[in-house]
Q: 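Next up is a structure, given as structure tokens.
Quick caveat, the model's predicted, so the values are computed rather than measured.
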Amino acid sequence: MALGICALKWWADLVSRCLGNARNGRVHRQFLVVPVRRITPRICWGVTKKLAHSSWWPELLRALSGYVHETIPAPDVFGCSLWTATAMTKRRGETVLCCLSVGNVETLTIFEDGSELWGFLNMKGLAGGSRYHDGAWIGSGGYRSVDDVVTAHFDTLGCLASLIADPEVLDACYRLNAEMLRKGSCMYTRFSNAFLVDAILGKGFGKSF
């Protein structure tokens with residue numbers, strides 16, 4: 001138990017030293033230890049292929065890729081280990097089109113019901129209080145694993161695109177994501193879809209759909 005706590009503290013200290021405090025800060029990639037990537041179940045290939053053939057895919061992939069590259073430091077290093085992606089799952093009778101998590105917090109979740117699409121985006125330290133932002137409602141969120149989370153609720157991909165085009169929103173997303181990376185654990189790792197992660201990163205299986 002003590003050894004595990006020491007290892008976690010060592011990892012958190014290493015990541016803290018390597019990650020910049022600002023979204024456009026330098027990431028010292030040469031010192032990052034690449035975590036072991038779990039094997040993705042074969043069923044995830046079919047799920048991702050189905051998603052890639054949906055009418056949502058081009059706009060969805062553009063939004064996911066933009067979000068990940070702008071707000072997750074060294075996303076190729078931490079993919080499927082400290083940040084994860086799942087697709088086409090069920091939650092209380094609703095279809096989760098995709099869900100991105102960093103550490104133990106769902107940071108971007110998108111639901112789908114026929115022709116309707118909606119979701120939420122989590123961030124930290126966004127000034128301005130509760131308000132509307134180009135159709136999205138921004139208010140306080142509640143998570144036990146991290147304080148001061150702000151949640152934006154959107155009802156179209158266009159609304160999400162507008163959110164992540166705002167530098168202040170991106171900075172707030174980075175702030176949350178970097179903090180969760182520094183904690184050094186992710187309970188969603190075994191569910192992560194490596195095919196979707198590769199598609200978001202613009203490499204591997206994502207190019208063959």
Q: Determine, step by step, whether Cys99 and Leu108 satisfy the side-chain contact (heavy atoms from CB on, under 4.5 Å) criterion, reporting the C-alpha distance in whole Å, the side-chain angles of both residues, the deciding distance to 0.1 Å, and the verdict.
A: CA-CA 6 Å; Cys99 176; Leu108 174 57; over 6 Å; no
Q: Indicate yes or no: at least one non-hydrogen side-chain atom of Phe191 is less than 4.5 angstrom from one of Thr84.
A: no
Q: For Ile138 and Ala152, work out which heavy atoms get closest and say how close.
A: CG1-CB, 3.8 Å
Q: For the residue pair Glu168 and Leu126, establish whether any side-chain heavy-atom pair is separated by less than 4.5 Å.
A: yes
Q: Kindly indicate, with the supporting measurements, whether the criterion side-chain contact (heavy atoms from CB on, under 4.5 Å) is fulfilled by Phe195 and Lys49.
A: CA-CA 9 Å; Phe195 305 118; Lys49 191 172 182 179; over 6 Å; no
Q: Nearest heavy-atom pair of Thr189 and Cys80: which atoms, and what distance?
A: CG2-O, 3.2 Å
Q: As an exercise, state the distance from CG of Leu176 to CG of Asp171, rounded to the nearest 0.5 Å.
A: 13.0 Å
Q: What distance do Thr109 atom OG1 and Glu94 atom CD have between them, rounded to the nearest 0.5 Å?
A: 11.5 Å
Q: Looking at every heavy atom in both Met180 and Val102, which two are closest together, and how far apart are they?
A: CB-O, 3.4 Å
Q: Atom NE2 in His53, atom OG1 in Thr48: separation rounded to 0.5 Å?
A: 12.0 Å
Q: Linking I/L/V/M/F/W/Y whenever their side-chain heavy atoms sit closer than 4.5 Å, directly or via other members, would Ile72 and Met187 fall into one cluster?
A: no
Q: Do you know which two heavy atoms are closest between Cys186 and Ser81, and how far apart they sit?
A: CB-O, 3.3 Å
Q: Return the CG to NE2 distance between Leu64 and His69, rounded to the nearest 0.5 Å.
A: 11.5 Å
Q: Answer yes or no: is there a donor N or O on one side and an acceptor on the other, between the side chain of Asn193 and the main chain of Leu196, under 3.5 Å?
A: yes
Q: Can you check whether Gly129's main-chain N or O pairs, donor with acceptor, with Arg131's side chain at less than 3.5 Å?
A: yes
Q: Grouping I, L, V, M, F, W and Y whenever their side-chain heavy atoms are under 4.5 Å apart, do Val105 and Leu82 come out in a common cluster?
A: yes
Q: Quick check: closest heavy atoms across Leu61 and Ala199, and the distance to 0.1 Å?
A: CD1-O, 3.5 Å
Q: Is there side-chain contact between Val96 and Met88, with at least one heavy-atom pair below 4.5 Å?
A: no
Q: Answer yes or no: is there a side-chain heavy-atom contact under 4.5 Å between Val146 and Asn104?
A: no
Q: If you round to the nearest 0.5 Å, how far is CG of Asn177 from CG of Leu181?
A: 6.5 Å
Q: Is there a side-chain contact between Leu201 and Pro75 in this structure, where contact means two heavy atoms from C-beta onward sitting under 4.5 Å apart?
A: yes
Q: Under a plain distance cut-off of 3.5 Å, with no hydrogens placed, do Asn122 and Thr151 share a side-chain donor-acceptor pair?
A: yes
Q: Tell me whether Thr156 contacts the main-chain N or O of Cys159 through its side chain, where contact means a donor paired with an acceptor under 3.5 Å.
A: yes
Q: Check the angle between the aromatic planes of His153 and Phe120 and answer parallel, tilted or perpendicular using the 30° and 60° thresholds.
A: tilted
Q: Would you mind reporting whether Lys124 and Asp148 have side-chain heavy atoms less than 4.5 Å apart?
A: yes
Q: Between Phe154 and Ile110, does the side-chain contact (heavy atoms from CB on, under 4.5 Å) criterion hold? Intermediate values first, please.
A: CA-CA 9 Å; Phe154 56 88; Ile110 302 174; 3.9 Å; yes
Q: Membership question, hydrophobic clusters at under 4.5 Å side-chain separation (ILVMFWY): are Leu117 and Trp137 in the same one?
A: no
Q: Would a hydrophobic clustering, with Ile, Leu, Val, Met, Phe, Trp and Tyr connected at side-chain separations under 4.5 Å, put Ile164 with Leu97?
A: yes
Q: Which distance, rounded to the nearest 0.5 Å, do you find between the CG of Leu51 and the SG of Cys44?
A: 11.5 Å
Q: Answer yes or no: is there a side-chain heavy-atom contact under 4.5 Å between Trp56 and Glu112?
A: yes
Q: Look at the side-chain heavy atoms of Ile, Leu, Val, Met, Phe, Trp and Tyr, link any pair under 4.5 Å apart, and say whether Tyr67 and Val77 land in one connected group.
A: yes
Q: Please find the pair of heavy atoms, one from Pro73 and one from Phe78, that lie closest to each other, and give the distance.
A: O-CD1, 3.4 Å
Q: Could you go step by step and tell me if Thr86 and Ser192 meet the side-chain contact (heavy atoms from CB on, under 4.5 Å) rule?
A: CA-CA 6 Å; Thr86 58; Ser192 190; 5.6 Å; no
Q: Decide if the gap between the ring center of Phe111 and the ring center of Trp118 is smaller than 6.0 angstrom.
A: yes
Q: Can you tell if the side chain of Thr107 reaches within under 4.5 Å of the side chain of Ser101, non-hydrogen atoms only?
A: no
